[in-house]
Amino acid sequence: MQVDLSKARPGQRLAITEIIRRIVAGEKFTSVVLPTRYGKSDVIRLSSLQLYADQAVSGSMVLSPGGDLRSQIVRKSKLQEMCRRYEVPYALAKKVHELKHTELNPLANDIYLLSTTIQYANRNREDIARLIDSRVHQTGLPFIVFVDETHMVSKTNQWGKSLRAFVDAGALAVLLTATADRADLQEIPGFTYETILRRDQFKKVKTRKGDVVEVDLYKGTESFI
């Protein structure tokens with residue numbers, strides 16, 4: 001099977017091509033930044049399907065921050081639209097599954113893509129890590145974990161720890177977002193950050209208590225990345 005990307009947006013074509021190239025090369029992290037409503041869902045579906053059809057991966061899972069996005073990835077109407085747009089056989093594209101509850105083998109019946117929420121994956125971290133480990137060892141092929149709206153994940157929060165556990169179990173991570181910045185300035189796993197400016201900061205805080213003035217001095221470093 002070969003996906004026809006002639007009707008894809010330039011950024012979608014570049015993203016899909018680069019995802020496939022990096023997964024085949026065995027890169028543990030691939031980061032993709034695309035504008036809001038640019039078609040990240042099709043990028044995920046088409047990348048996972050093409051790689052599975054080429055027998056380059058043993059399967060994929062996409063983690064979304066909410067139930068609506070989780071369902072949208074595998075919704076029949078969305079899959080049919082994708083198939084018409086890119087001339088993809090629906091008989092192949094429909095082999096996706098929405099993961100909401102613990103299942104013995106959610107990848108049975110040639111399922112190539114699972115869709116669930118980041119919250120579910122975090123609660124069931126060990127089970128999903130075992131699923132990935134088993135799949136990789138049984139097939140000898142890597143397993144992809146896509147993370148949609150990756151800016152909600154950081155290296156220090158629980159979602160970031162879950163992603164790390166899945167990569168340690170043998171997954172290759174593909175991180176998609178419209179922005180690589182977080183409001184709390186925490187770094188997102190898989191993104192490379194470069195410090196462009198670092199400077200020392202000093203702050204003096206005076207507090208008057210009657211006739212006494214107390215002075216607190218604070219010293220730190222301010223970084224721009």
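Keep in mind it's a predicted model, so treat the numbers as computed, not measured.
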**Request:** Could you check R123, R130, R125 and say which one makes a salt bridge (charged side-chain N to carboxylate O under 4.0 Å, His left out) with D127?
**Result:** R130
**Item:** Shortest non-hydrogen contact from I19 toward S47
**Value:** CD1-OG, 3.8 Å
**Request:** Identify the heavy atoms of A121 and S162 that sit nearest to each other, and give their distance.
**Result:** O-OG, 4.3 Å
**Prompt:** If every non-hydrogen atom of K100 is compared with every non-hydrogen atom of Y120, which pair is closest and at what distance?
**Reply:** O-CE1, 3.2 Å
**Message:** Whether D4 and R85 form a salt bridge (side-chain N of Lys/Arg under 4.0 Å from carboxylate O of Asp/Glu) is what I want to check.
**Reply:** no
**Request:** Give a yes or no answer on whether the side chain of Q80 reaches the backbone of Y90 with a donor-acceptor pair at less than 3.5 Å.
**Result:** no
**Prompt:** From L141 CG over to Q55 CD, what is the distance, rounded to the nearest 0.5 angstrom?
**Reply:** 7.5 Å
**Item:** Where S48 and Y112 come nearest, the two heavy atoms and their spacing
**Value:** OG-CE1, 3.6 Å
**Message:** Test your reading of the model: is there a side-chain donor-acceptor pair from D133 to the backbone of A129, 3.5 Å cut-off?
**Reply:** no
**Message:** Tell me the closest heavy-atom pair linking L172 and E27, and the distance in Å.
**Reply:** CD2-O, 3.6 Å
**Request:** Under the side-chain hydrogen bond (donor to acceptor under 3.5 Å, both in side chains) rule, what do D54 and Q50 come out as? Steps first, then yes or no, please.
**Result:** CA-CA 6 Å; D54 291 344; Q50 185 68 69; 3.1 Å; yes
**Asked** Charged N to carboxylate O under 4.0 angstrom, D42 versus R45?
**Response** yes
**Request:** Verify, without hydrogens or angle tests, whether Q12 (side chain) and R9 (backbone) share a donor-acceptor contact under 3.5 angstrom.
**Result:** yes
**Asked** Do E18 and T30 pass the side-chain hydrogen bond (donor to acceptor under 3.5 Å, both in side chains) test, and can you show the C-alpha distance, the side-chain angles, and the key distance before you say yes or no?
**Response** CA-CA 8 Å; E18 190 66 8; T30 298; over 6 Å; no
**Item:** Hphob cluster co-occupancy, L69 + V74, side-chain heavy atoms under 4.5 angstrom
**Value:** no
